[in-house]
A.B. asks: 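Here's a structure for you.
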Amino acid sequence: AAMKTLSAKAKITGLTLVEVLVVICVIVVLAAMLLPSLATVKSGRQIQCLSNQRQIAIALIMFKEDHVGKYPWQDSITNGGSFESIPSGQVSAQFQTLSTYLGKQPNVLVCLSDKTRHAATNYSELQNENISYFLNLDATSNAASILTGDRHLEINDKTINSGLFIYTTNQLLNWAEGFHINHGKPWGGFSFADGHAQFVRAEELNLFLQRQPLATNRFCFP
């Protein structure tokens with residue numbers, strides 16, 4: 001009788017093959033439902049980041065139209081520009097000139113994929129730590145001229161530091177890992193002087209950089 005009792009309990013507590021298969025099927029279905037959601041979140045961050053750069057590009061174009069064809073770094077501080085701030089290499093000083101054109105909150109200066117940066121509460125407190133994008137201080141009106149870009153660029157396998165980086169079109173740069181990923185490879189985005197922004201794959205990066213109208217460009221990194 002005791003053996004029969006134990007056998008009955010074993011049947012109650014154990015899982016049959018059918019039950020195990022049902023559990024596996026449920027897990028597979030849940031995984032199939034969650035993975036597209038995670039991909040959508042990731043894609044949403046990339047779209048938001050690219051949208052930020054497009055807004056910045058438009059703000060720079062608007063500033064230029066209001067300042068006799070000059071970008072902020074081409075005009076004096078007394079005229080609302082940031083020319084005198086160039087030697088400091090502080091990109092935050094350049095972006096502060098766009099407060100009228102970008103809205104009250106400087107959230108647009110931070111990419112959601114950039115986990116080490118956070119938005120400033122206002123433009124007067126803006127620091128490099130509140131910015132995810134570099135500026136090209138030698139940008140022209142040429143449509144191929146880069147205005148902004150994701151800051152995660154590297155040269156010789158080393159991330160480019162904060163401040164002025166003198167880029168020449170014979171240098172080879174790479175996207176650093178840890179930001180945007182496309183098919184297992186890092187990639188990033190640029191905005192251009194005609195107001196559009198686009199993602200650039202790793203294998204296309206240097207082609208875009210080499211199309212710059214000037215052979216030398218001062219990139220100001222946060």
Side-chain angles (χ1 to χ4, degrees), residues 39-66 69-74 82 91-92 94-103 105-115 117 119-120 123 126 128 130-154 160 165 167 169 173-183 185-214 217-222:
T40 300
V41 170
K42 189 174 183 180
S43 175
R45 289 175 179 174
Q46 294 173 348
I47 291 172
Q48 176 266 347
C49 192
L50 201 62
S51 175
N52 285 352
Q53 291 201 59
R54 185 174 184 277
Q55 290 183 62
I56 295 169
I58 292 173
L60 287 168
I61 292 171
M62 292 172 64
F63 182 99
K64 188 179 178 184
E65 290 176 350
D66 290 344
K70 294 181 179 180
Y71 289 118
W73 48 86
Q74 297 172 332
S82 52
V91 75
S92 56
Q94 307 295 338
F95 277 113
Q96 283 176 331
T97 62
L98 300 178
S99 59
T100 303
Y101 304 90
L102 286 176
Q105 299 298 326
N107 297 338
V108 71
L109 301 179
V110 177
C111 175
L112 291 178
S113 297
D114 192 351
K115 299 300 183 182
R117 300 297 163 103
Y123 284 93
L126 188 68
N128 283 358
N130 310 122
I131 302 169
S132 296
Y133 312 107
F134 73 82
L135 285 172
N136 180 9
L137 303 187
D138 287 301
T140 70
S141 298
N142 188 299
S145 186
I146 294 171
L147 286 179
T148 71
D150 284 314
R151 70 179 183 88
H152 62 294
L153 280 174
E154 61 181 20
I160 297 174
F165 172 75
Y167 167 76
T169 51
L173 304 184
N174 296 296
W175 292 118
E177 296 183 358
F179 282 65
H180 307 300
I181 300 295
N182 179 35
H183 298 295
K185 295 182 180 180
W187 65 338
F190 291 136
S191 72
F192 298 85
D194 63 356
H196 88 280
Q198 70 179 86
F199 274 115
V200 176
R201 295 179 297 175
E203 56 268 29
E204 299 175 328
L205 172 59
N206 288 290
L207 293 177
F208 277 85
L209 290 169
Q210 291 163 2
R211 291 173 187 164
Q212 296 313 291
L214 301 179
N217 293 266
R218 293 167 297 171
F219 291 164
C220 194
F221 280 80

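For reference, positions follow the sequence shown, starting with 1.
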A.B. asks: Any chance you could measure Cys220, atom SG, to Asn128, atom CG, to the nearest 0.5 Å?
C.D. replies: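 Going from SG on Cys220 over to CG on Asn128, the span is 7.0 Å.
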A.B. asks: Quiz question: by atom type and distance under 3.5 Å, do the side chains of Thr148 and Ser191 form a donor-acceptor pair?
C.D. replies: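 Yes, Ser191 and Thr148 have a side-chain donor paired with an acceptor closer than 3.5 Å.
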A.B. asks: Got more than 12 heavy atoms from elsewhere within 6.0 Å of CZ, Arg218?
C.D. replies: yes
A.B. asks: Less than 4.5 Å apart, any side-chain heavy atom of Pro72 and any of Leu60?
C.D. replies: yes
A.B. asks: What donor-acceptor contacts under 3.5 angstrom involve side-chain atoms of residues 202-211, with partners at least two apart or in another chain?
C.D. replies:
residue	atom	partner	partner atom	Å
Glu204	OE2	Arg201	NH2	2.9
Asn206	OD1	Leu173	N	2.9
Asn206	ND2	Leu173	O	3.0

A.B. asks: Just do the side-chain contact (heavy atoms from CB on, under 4.5 Å) check on Trp187 and Ile181 with the steps written out, would you?
C.D. replies: CA-CA 6 Å; Trp187 65 338; Ile181 300 295; 5.5 Å; no
A.B. asks: Is the backbone N or O of Asn217 less than 3.5 Å from a side-chain atom of Gln212, with the two atoms forming a donor-acceptor pair by type?
C.D. replies: no
A.B. asks: Spell out, as yes or no, whether a donor-acceptor pair under 3.5 Å connects the side chain of Asp150 to the backbone of His152.
C.D. replies: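 The answer is no, because no donor-acceptor pair under 3.5 Å joins these two groups.
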A.B. asks: Hey, are Gln198 and His196 close enough side-chain-wise for a donor-acceptor pair under 3.5 Å?
C.D. replies: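 Their side chains do contain a donor-acceptor pair, which is all the 3.5 Å distance test asks for.
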A.B. asks: Kindly indicate, with the supporting measurements, whether the criterion side-chain contact (heavy atoms from CB on, under 4.5 Å) is fulfilled by Tyr123 and Leu102.
C.D. replies: CA-CA 10 Å; Tyr123 284 93; Leu102 286 176; 3.1 Å; yes
A.B. asks: Decide yes or no for Phe95 and Pro106: does some side-chain heavy atom of the first lie under 4.5 Å from some side-chain heavy atom of the second?
C.D. replies: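 No - every pair of side-chain heavy atoms lies 4.5 Å or more apart.
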A.B. asks: Looking at every heavy atom in both Asn107 and Ala120, which two are closest together, and how far apart are they?
C.D. replies: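 Looks like OD1-O, 4.3 Å.
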A.B. asks: Nearest 0.5 angstrom please: Arg117 CZ to Ile131 CD1, how far?
C.D. replies: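 Answer rounded to 0.5 Å: 8.0 Å.
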A.B. asks: Distance from Gln53 atom CD to Ile58 atom CD1, nearest 0.5 Å?
C.D. replies: 12.5 Å
A.B. asks: With a 4.5 Å limit on heavy-atom distance, are the side chains of Tyr71 and Leu147 in contact?
C.D. replies: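 Yes, their side chains come closer than 4.5 Å.
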A.B. asks: To the nearest 0.5 Å, how far apart are CG in Asn174 and NZ in Lys185?
C.D. replies: 11.5 Å
A.B. asks: Taking the six-membered ring where the residue is Trp, are the ring centres of Trp175 and Phe190 under 6.0 Å apart?
C.D. replies: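 Yes, they do, as the ring centres are separated by less than 6.0 Å.
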A.B. asks: Please report the interatomic distance CD(Gln48) to CG(Leu112), rounded to the nearest 0.5 Å.
C.D. replies: 3.5 Å
A.B. asks: For the pair Ser145 (side chain) and Thr140 (backbone), establish whether a donor and an acceptor sit closer than 3.5 Å, ignoring hydrogens and angles.
C.D. replies: yes
A.B. asks: Ignoring hydrogens and geometry beyond distance, is a side-chain donor-acceptor pair present between Asp66 and Tyr101 at under 3.5 Å?
C.D. replies: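 A donor-acceptor contact under 3.5 Å links the two side chains.
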A.B. asks: Indicate whether the side chain of Tyr133 and that of Asn52 have a donor and an acceptor atom separated by less than 3.5 Å.
C.D. replies: yes
A.B. asks: Shortest non-hydrogen contact from Ile61 to Asp194?
C.D. replies: CD1-C, 3.9 Å
A.B. asks: Any heavy-atom pair between the side chains of Trp73 and Leu135 that's under 4.5 Å?
C.D. replies: yes
A.B. asks: Quick one: OG1 on Thr100 to CE on Met62, what's the gap to the nearest 0.5 Å?
C.D. replies: 9.5 Å
A.B. asks: Set out, in order, the CA-CA distance, both residues' side-chain angles and the distance that settles side-chain contact (heavy atoms from CB on, under 4.5 Å) for Lys64 and Ser141, then state yes or no.
C.D. replies: CA-CA 10 Å; Lys64 188 179 178 184; Ser141 298; 2.2 Å; yes
A.B. asks: Quick one: does Leu153's side chain get under 4.5 Å of Phe165's, heavy atoms only?
C.D. replies: no
A.B. asks: To check you understand the geometry: which heavy-atom pair defines the closest contact between His180 and Gly188, and what is its length?
C.D. replies: CD2-CA, 4.1 Å
A.B. asks: Please determine whether the number of non-hydrogen atoms from other residues, nucleotides or ligands lying under 6.0 Å from atom CD of Glu154 exceeds 12.
C.D. replies: yes
A.B. asks: Could you walk me through whether Leu137 and Phe219 pass the side-chain contact (heavy atoms from CB on, under 4.5 Å) check?
C.D. replies: CA-CA 6 Å; Leu137 303 187; Phe219 291 164; over 6 Å; no
